[in-house]
Number of protein chains: 2
Amino acid sequence: MASDRRKARDSGSSVWLSGPPARHASGGQPHGLGLDKIVEATVRLLDAEGLAKVSMRRLAGELGVTAMSVYWYVDTKDELLELALDHVHEEIRLPADDVDWRERLRQLAREHRRMLVTHPWVSPLAGEYLNIGPRALAFAECAQEAIRDSGLPARSWLGALSLLFQFSYGFGTVEGRWRERCRSLGVSEDELHGEVMARLAGRSEYAVSLATVQARGEGAVGVLRERDFEFALDCAIAGITEMGRSGTGSVGGR
Amino acid sequence: MASDRRKARDSGSSVWLSGPPARHASGGQPHGLGLDKIVEATVRLLDAEGLAKVSMRRLAGELGVTAMSVYWYVDTKDELLELALDHVHEEIRLPADDVDWRERLRQLAREHRRMLVTHPWVSPLAGEYLNIGPRALAFAECAQEAIRDSGLPARSWLGALSLLFQFSYGFGTVEGRWRERCRSLGVSEDELHGEVMARLAGRSEYAVSLATVQARGEGAVGVLRERDFEFALDCAIAGITEMGRSGTGSVGGR
DNA sequence: ACCTGAACACCGTTCAAGT
DNA sequence: ACCTGAACACCGTTCAAGT
C-alpha cells in the first residue's frame, strides 16, 4: 500500500496505523510536476471551487496533465487532501512566547477560526483525517505550551484545550459555510440574514430562536458575530482561569 | 425545482433560500415504500456502513427496489440526508424545565455529544447543511431557554451557547471518528491508543504533545476522555457564570 | 523516472416509459 | 400514483504501456 516508489519520501511510518505519509519529494524536477506544485494547485482549486468540485481529473486538467500523472506523486486522493490540509496551517500566525498565556490562547483561537473561514474545505477534512501534519503540529504545540502557564494541573490541560479549540473549530466551520452560501447565492451576508429573519418571523415554531437572535441587538452580522466570538472566548478563558484558581482542576461536583 | 409532485408535503417554503423541505408524506401507503421507511433505512445504512458507503443504489437495494424509486419521495440525495440528520435528533433527551440551568446545559451538551458519537455520519452533515429540522429545533430551543436563566444579558446568549455546543459538537465529532477508526481496524480503543503513544514516543517532534497526553494520568482512554469532557464542560459553565456575575456580559478588556 | 490511454466499477440524476 | 430501464456525465483507481 505504501509509496515505496517515490524518491525522497520519508520512511512512511505514520503515527496512525493507516495514517498519512508526511514529507514529500525534495524540490527537484526543473520541468516536471513536483509534489509542491500539485499541492499548491490543489489548495488553489479547493479555495476556488470547493471540496465537492475537486476531482483528480479536474486537478490534472488545471495542471495541464493527465489524471494519472498525479498518481505518480500520491497514492490516493485522500493523501493529497491531507497534504493540502496541513499546507494551509502555515497561515496560522503563532503568538510570541512572552505574551500572557490568556492572550496567546486567544490569538491562537482567532487564527484557527480565520484559517477555517478562509478555507471552508478544511473543516470536513480536519474532521475526517485525525491529522497532525508538521504545520498543524506546530499550532497544537504552541497551544500546549500556553496552557502550561495557566495554573491548571497537568491532568486538565487537554480538557481545557479541547474546550477552546473545539469551539474555534465549530465557530469557524459554520461561519465558513454561511459565507460560502452567501457567495454561491450572490447575496451579501446582511441581505441573506435579513431574508432568513423575515422567514423565521412568519413561523411561530421559530419564535424562541428568532427572539434569541434578535436579542443580540442591531448591527451588521459581521459585527455581531465578531462580538459573539470574542464573548465566547472570554467565557472560555474566564472558566479556565476560574477552574485553575478554585481548586485542583478536577471535575467539579454536581 | 420543488417537490410539487408529492402529496402531503408542506408548501416547501424553507427558512433557507435553497433550503430543505420539512414535512413528509402522511403515513399512508399500506404496501408502498413511504418516506418514513426510506428515512429509517437510510439511518440504518448510515450507522452500519458510514456516509461514504451510502449511495442511492445501495439504499434502494436494501429496500428491495430500484434506485429511481427513491426519487419519487425525495428530490435529491442531499434532501434525504437532511431528513436522516434531523431524524436522529429525536434521540436527544431534553432535560426538565425545573432543573437548574447549569445542569440543563450540561445534560444537553452530554446528549449532543452522545448522539454524535452514536452516529458519526452526523458530524459532516451537520456542518454541511445549516440545518434546523423540527427535532434539531427542539434541541436548540431547550438550550436557549436554559441560557435565559443564566443571568447573562440577552445580547450574550448566542455567544455563550455557541461556546457550549460548538464544543460538544467538536468533541463528539473527533470521538466518533476515533471510534470508527478503532472499529475498522478491529482493535480496541486502548490498544490503538497504546500503539499511537508508542509511535509518538519514537519521534522527537512529538515530545510536547506526548507529554500533554501523558500528563492526563493513567487509566483507560474511555475514562480519561470522560474526565476531559466533564472538565471542559465545567470550565465553560464556570466561565458563563463568571461573565454573568462580573459585569454586563460585554466583551472584556484585553 | 515520469507520464499516458483504456478500462473497471462505481456515482447522482434525467427522462421516457411502464402499470 | 408509483415504479422501472436505459442513458448521461461524471467519479477514484488499476494496469499495461509508452518515452
Side-chain angles (χ1 to χ4, degrees), chain A residues 1-9 18 20-21 24-38 41-42 45-46 49-84 125 128-129, chain B residues 1-9 18 20-21 24-38 41-42 45-46 49-84 125 128-129:
Chain A
M1 64 153 15
S3 42
D4 43 72
R5 283 165 294 161
R6 255 76 82 248
K7 253 203 286 192
R9 280 278 192 81
S18 69
H24 50 70
S26 61
Q29 309 85 332
H31 48 67
L33 231 45
L35 190 53
D36 293 337
K37 220 192 286 187
I38 291 176
T42 305
L45 198 56
L46 285 165
E49 311 264 6
L51 186 55
K53 295 288 197 45
V54 170
S55 73
M56 295 302 267
R57 290 176 227 255
R58 183 96 173 62
L59 170 67
E62 215 76 20
L63 288 161
V65 96
T66 240
M68 292 308 97
S69 306
V70 180
Y71 278 96
W72 196 86
Y73 296 89
V74 129
D75 281 330
T76 63
K77 188 187 180 184
D78 278 344
E79 187 184 319
L80 181 55
L81 292 178
E82 281 195 71
L83 291 171
L125 296 185
E128 192 173 340
Y129 317 123
Chain B
M1 65 153 14
S3 42
D4 42 74
R5 283 165 292 160
R6 253 79 79 252
K7 254 203 283 191
R9 283 278 194 81
S18 69
H24 51 69
S26 61
Q29 309 86 331
H31 48 67
L33 231 45
L35 189 54
D36 293 338
K37 220 191 284 182
I38 291 176
T42 305
L45 198 56
L46 284 164
E49 310 263 8
L51 186 54
K53 293 287 195 48
V54 170
S55 71
M56 295 302 268
R57 288 176 230 254
R58 185 97 172 60
L59 170 67
E62 216 75 20
L63 289 161
V65 96
T66 242
M68 293 307 97
S69 305
V70 180
Y71 278 97
W72 196 86
Y73 296 89
V74 129
D75 282 330
T76 63
K77 187 187 181 185
D78 278 344
E79 187 184 320
L80 180 56
L81 292 177
E82 280 195 72
L83 292 171
L125 296 185
E128 192 175 340
Y129 316 122

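Below, chain A is the first sequence line, B the second, and so on; all start at residue 1.
For DNA chain D, the stems formed by at least three consecutive Watson-Crick or G-U pairs, with both atom-pair distances below 3.5 Å, span C:4-8 with D:12-16, C:12-16 with D:4-8.
The side chain to side chain contact (heavy atoms under 4.5 Å, CB included) test with B:L83 is passed by exactly one of B:V74, B:T42, B:I38, B:D36: B:V74.
Remark: the separation of the P atoms in C:dA9 and D:dA9 is 22 Å, to the nearest Å. Using C1' as the reference atom, D:dC11 and C:dA7 are 14 Å apart when rounded to the nearest Å. Nucleotides C:dA16 and D:dC2, compared at atom C1', are 15 Å apart to the nearest Å.
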In sequence, state the C-alpha distance, the side-chain angles, and the governing distance for A:E128 and A:L81, and then conclude on side-chain contact (heavy atoms from CB on, under 4.5 Å).
CA-CA 11 Å; A:E128 192 173 340; A:L81 292 178; over 6 Å; no
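Scanning both residues, B:R58 and B:K53, for their nearest heavy atoms gives CG-O, 4.0 Å. Taking both residues in full, the closest heavy atoms of B:D78 and B:Y129 are given as OD1-OH, 2.7 Å, listed atom of the first, atom of the second, then distance. Across all their heavy atoms, B:E79 and B:Y73 have their closest contact at OE2-O, 4.3 Å. Summarising the geometry of B:K77 relative to B:S55, their closest heavy-atom pair is NZ-CA, 4.3 Å, with the distance given to 0.1 Å.
Contact check, A:Y73 against C:dC3: a side-chain N or O comes under 4.0 Å of OP1 or OP2. Checking the phosphate oxygens (OP1, OP2) of C:dT4, a side-chain nitrogen or oxygen of A:S69 falls inside 4.0 Å.
One atom, CH2 of A:W72, and another, P of C:dA1, lie 7 Å apart when rounded to the nearest Å.
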How does each nucleotide of nucleotides 5-19 of chain D score, in 5' to 3' order, for protein heavy atoms under 4.0 Å: base (B), sugar-phosphate only (S), or none (-)?
B-B---BBBB-----
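At distances below 3.5 Å, not a single donor-acceptor pair connects side-chain atoms of B:T66 with backbone N or O atoms of B:S69.
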